[in-house]
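The structure appears right after this line, and notes come after that.
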2 protein chains.
Amino acid sequence: MVGIDDVARAAGVSTATVSRALSGRGAVSTATRDRVLSAAGRLGYVVSAAASSLATGRTRAVGVVVPFLDRWFFSTVLAGISDALVRRGYDITLYSVSADAAERRRVFDDHLRRRRIDAVITIALELDAEESVSLRGLGVPIVAIAGPHPLLTTLTVDDLAVGRLATAHLLGLGHRRLAHIGADAVTDAASSVPTLRRRGFEDSLAEAGITQYDVEPADFTIDGGSRAAARLLARDDRPTALFAASDEMAIGAILAARELGLRVPDDVSIIGVDGHELGRWFGLTTVDQFARGQGERAAEAVLSALDGAQPAPGRGTLPFELVDRGSTAAPHD
Amino acid sequence: MVGIDDVARAAGVSTATVSRALSGRGAVSTATRDRVLSAAGRLGYVVSAAASSLATGRTRAVGVVVPFLDRWFFSTVLAGISDALVRRGYDITLYSVSADAAERRRVFDDHLRRRRIDAVITIALELDAEESVSLRGLGVPIVAIAGPHPLLTTLTVDDLAVGRLATAHLLGLGHRRLAHIGADAVTDAASSVPTLRRRGFEDSLAEAGITQYDVEPADFTIDGGSRAAARLLARDDRPTALFAASDEMAIGAILAARELGLRVPDDVSIIGVDGHELGRWFGLTTVDQFARGQGERAAEAVLSALDGAQPAPGRGTLPFELVDRGSTAAPHD
DNA sequence: CTGTTAGCGCGTTCAC
DNA sequence: GTGAACGCGCTAACAG
């Protein structure tokens with residue numbers, strides 16, 4: 001295992017010079033730098049992360065904390081983060097936190113505190129107060145994507161506006177009997193993403209003078225969306241339009257409608273949120289939130305924080321856009 | 001930032017004793033251990049990964065190398081790995097390698113060699129000889145899931161058998177005009193997963209005395225599967241059954257069939273491989289390979305290697321199973 | 001521009 | 001069962 005002194009010997013310089021030549025910190029003459037680089041290359045020297053980090057306090061790694069790995073939104077954002085960080089030579093350390101309280105504590109109180117990372121990115125993580133404090137206590141830059149917590153630098157789409165946009169689209173087509181599939185009023189936090197989307201829905205309806213509507217809670221999976229839609233569409237006065245708070249649920253709703261023999265959009269209009277690649281195949285109209293781009297933006301934000309930039313105060317705003325693929329239309333009756 | 005000597009002082013012992021008490025290595029009296037543990041807890045002490053790793057040579061992290069993050073199979077396997085590793089207190093360091101040669105070299109020659117990880121898991125990674133040697137040179141346990149390289153301990157389903165199973169299922173239903181969607185004969189390595197599945201298909205047909213069949217290369221996405229199926233099904237003597245080497249492609253094939261006005265399975269039978277959750281919604285018959293379980297198995301394999309067990313020689317075999325959901329049936333004519 | 005030196009924070013001998 | 005002291009491999013400060 002070749003170390004810095006092997007390189008120093010091979011290049012005929014001191015270890016300090018090797019360190020300077022390789023890290024680029026500190027002045028080294030071009031000639032010696034070349035000697036060092038070639039010696040290092042020849043010997044296949046790579047600095048030890050542990051030793052370097054012990055000496056500098058930096059790790060060249062960013063922690064990414066996610067609640068799920070195997071859902072489209074999360075893995076897509078993660079891919080975006082990874083792209084941007086790899087380009088800059090950072091490693092990603094992945095922390096997947098489940099709902100299990102003991103395991104969550106272990107991640108926040110132990111794993112994340114091992115000084116293994118220079119910064120943290122969270123993806124749509126709903127933190128309790130303790131966890132939020134624990135994160136801040138790390139003393140490293142933190143960027144939260146779509147996390148509702150006010151103590152953190154947050155990068156998020158305006159989910160209230162997303163909800164309003166989707167709803168306005170349906171109202172604009174002439175729908176008056178609408179329903180929403182998404183947040184659970186009981187379990188979801190008031191400032192959570194699902195709740196904001198639902199509130200956007202409700203606010204728009206209120207402004208349109210519509211007070212009758214249904215909200216079915218669902219778990220953001222195809223399966224959950226399908227079951228929720230089945231309940232809504234089985235009624236006598238079934239809604240003519242559904243707004244699902246995610247594309248996966250919207251796709252479930254389309255599938256449920258089909259099973260009930262309903263045509264989309266002739267019998268029922270359906271709109272989602274996300275920009276899931278699968279949406280194309282279902283002709284799903286949606287509010288795209290450019291998940292991959294969110295990851296890249298977050299990565300760039302932590303990188304610039306690591307470069308010494310001041311964190312943008314408050315929340316950065318991420319783009320979203322209505323994509324009409326045909327699953328919505330004017331109601332028939 | 002509380003260090004080991006803070007704990008030592010608070011507990012009235014030396015740092016050596018704190019280290020022993022917390023790591024469990026070395027004998028400590030119950031009384032002093034309790035004092036140390038309580039002091040550590042009170043102060044919120046967590047060992048520094050860098051310092052500990054520099055002193056011990058161990059990092060309590062496992063590197064996971066993937067070619068894609070945002071595809072179902074990979075994120076699902078990753079979730080399984082994460083589950084199993086978190087339970088044992090290991091962190092995951094994620095390395096996503098694209099096809100870009102320079103970037104790949106950086107990952108293999110720099111990132112992975114920073115001594116940041118105690119072991120490596122690769123997921124369906126096709127390594128060239130140099131990369132494989134580079135991995136072995138790390139001197140840490142390596143477990144490859146579905147990687148074709150013979151130099152590594154590999155955990156894989158018998159993809160030849162998977163191909164045969166799917167094909168036998170179609171043959172058993174009476175199909176004689178079959179086509180395969182999957183490996184590209186030109187670009188895919190002979191021992192790659194896609195190629196093995198295709199060979200299983202071809203071998204089965206040969207045994208059944210069938211020499212006429214089509215193979216359409218596709219890129220394992222819904223889109224690619226759809227286009228490949230469209231080409232196959234547009235022909236006059238179109239096949240009565242399609243075997244797609246992944247569920248995503250099989251779903252694409254189902255969608256393409258629908259667009260051509262063909263009924264599945266009445267007009268064309270379709271079978272996939274994977275056990276993708278979406279398959280349920282399309283009534284897709286498939287060979288499930290239990291992706292999440294593969295991740296767990298791989299994690300357990302590296303953990304036992306880290307515990308000192310000898311790596312199982314050769315290849316571990318992962319389970320697979322035919323799941324009939326109705327997208328295959330006897331041919332009509 | 002380069003070398004010397006003193007840690008970074010911890011684990012582990014080796015005495016006691 | 002416990003403590004003192006050294007070293008893991010590297011970087012930063014200081015001299016020169």
Side-chain angles (χ1 to χ4, degrees), chain A residues 1-37 39-40 43-61 89 91 110 113-118 138-140, chain B residues 1-37 39-40 43-61 89 91 110 113-118 138-140:
Chain A
M1 146 183 7
V2 28
I4 197 173
D5 29 319
D6 297 311
V7 180
R9 214 170 302 125
V13 296
S14 74
T15 60
T17 298
V18 174
S19 175
R20 284 189 283 252
L22 293 179
S23 72
R25 265 183 288 277
V28 181
S29 79
T30 321
T32 55
R33 185 200 334 283
D34 289 348
R35 286 220 312 289
V36 170
L37 289 178
L43 298 175
Y45 170 73
V46 175
V47 335
S48 148
S52 173
S53 134
L54 191 55
T56 62
R58 281 170 270 110
T59 62
R60 290 194 83 69
D91 289 346
D110 289 357
R113 298 186 58 217
R114 292 178 183 167
R115 310 193 184 314
R116 202 187 272 284
I117 50 187
D118 291 337
L138 295 179
V140 302
Chain B
M1 144 184 6
V2 29
I4 198 172
D5 29 319
D6 297 310
V7 179
R9 214 170 302 124
V13 296
S14 73
T15 61
T17 298
V18 173
S19 174
R20 285 189 281 252
L22 293 179
S23 72
R25 268 182 285 278
V28 181
S29 78
T30 321
T32 56
R33 182 196 341 276
D34 289 349
R35 287 218 312 289
V36 170
L37 289 177
L43 298 175
Y45 170 73
V46 175
V47 325
S48 148
S52 173
S53 134
L54 192 54
T56 62
R58 280 169 273 112
T59 63
R60 291 195 81 71
D91 289 345
D110 289 358
R113 297 188 57 217
R114 291 178 183 167
R115 306 192 187 314
R116 202 187 272 282
I117 49 185
D118 292 336
L138 294 179
V140 303

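Fair warning: this is a prediction, and the values are worked out from it, not measured in the lab. Labels below follow one simple rule: chain letters A, B, ... track the order of the sequence lines, proteins then strands, and each chain is numbered from 1.
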Find the distance between CG (B:D110) and CZ (A:R60) and round it off to the nearest 0.5 Å. 10.0 Å

Tightest non-hydrogen contact, residues A:L43 and A:V2, listed as O-CG1, 3.4 Å

By the 4.0 Å heavy-atom rule, please label B:R33 as base, sugar-phosphate, or nothing. nothing

At what distance, to the nearest 0.5 angstrom, does CG of A:L37 lie from OG1 of A:T30? 10.5 Å

Roughly, in whole Å, what's the span from CZ in B:R113 to C1' in D:dG9? 15 Å

Between the CZ atom in A:R9 and the CG atom in A:D6, the distance rounded to the nearest 0.5 Å is 5.0 Å

Give every pair of a protein N or O atom and an N or O atom of nucleotides 3-7 of chain D that lie under 3.5 Å apart, one pair per line with the distance.
| unit_1 | atom_1 | unit_2 | atom_2 | d |
| --- | --- | --- | --- | --- |
| D:dG3 | OP2 | B:S14 | N | 2.9 |
| D:dG3 | OP2 | B:S14 | OG | 3.2 |
| D:dG3 | OP2 | B:T17 | OG1 | 2.7 |
| D:dG3 | N7 | B:R20 | NH2 | 2.8 |
| D:dG3 | O6 | B:R20 | NH1 | 3.2 |

Say whether, by atom type as modelled, one donor and one acceptor occur between the side chain of B:D118 and the main chain of B:R58 under 3.5 angstrom. no

Taking atom types as modelled, find out whether B:T15 and B:D5 have a side-chain donor-acceptor pair closer than 3.5 angstrom. no

Could you state the interatomic distance from OG1 (A:T59) to CZ (A:R116), rounded to the nearest 0.5 Å? 9.5 Å

Rounded to whole angstroms, how far apart are CG on B:L54 and C1' on D:dT11? 12 Å

Do you know which two heavy atoms are closest between B:S14 and B:A8, and how far apart they sit? C-CB, 3.7 Å

Opening and closing nucleotides of DNA chain C in contact with chain A, under 4.0 Å to non-hydrogen atoms: C:dC1 to C:dG9

Do the side-chain N or O atoms of A:R25 get closer than 4.0 angstrom to the phosphate oxygens (OP1, OP2) of D:dA13? no

Donor-acceptor pair, distance only, cut-off 3.5 Å: does the side chain of B:D34 make one with the backbone of B:A31? no

Tell me, which of residues 43-52 of chain B have any heavy atom that sits under 4.0 Å from an atom in DNA chain D? none

Angle of first-five versus last-five pair axes in the helix from C:dC1-D:dG16 to C:dC16-D:dG1, to 10 degrees: 30°

Taking salt bridge (Lys or Arg N to Asp or Glu O under 4.0 Å) as the definition, give me every residue that meets it alongside A:R114, ordered by chain and number, with sequence neighbours left out. B:D91

Does B:T56 or B:G26 map to a spot on DNA chain D nearer the 5' end, using the closest nucleotide for each? B:G26

OP1 or OP2 of D:dT2 versus the side-chain N and O atoms of B:T32: is any pair under 4.0 Å? yes

May I ask you to say what B:R115 touches in the nucleic acid, namely base, sugar-phosphate or nothing, with a heavy-atom cut-off under 4.0 Å? nothing

Would you call A:V36 and A:V28 a side-chain contact if the rule is heavy atoms closer than 4.5 Å? no

Expected list for residues 44-54 of chain A: side-chain donor-acceptor pairs under 3.5 angstrom, two or more places apart:
| unit_1 | atom_1 | unit_2 | atom_2 | d |
| --- | --- | --- | --- | --- |
| A:S48 | OG | A:A50 | N | 3.4 |
| A:S48 | OG | A:A51 | N | 3.1 |

Distance in angstrom units between A:I4 CD1 and D:dC8 C1', rounded: 14 Å

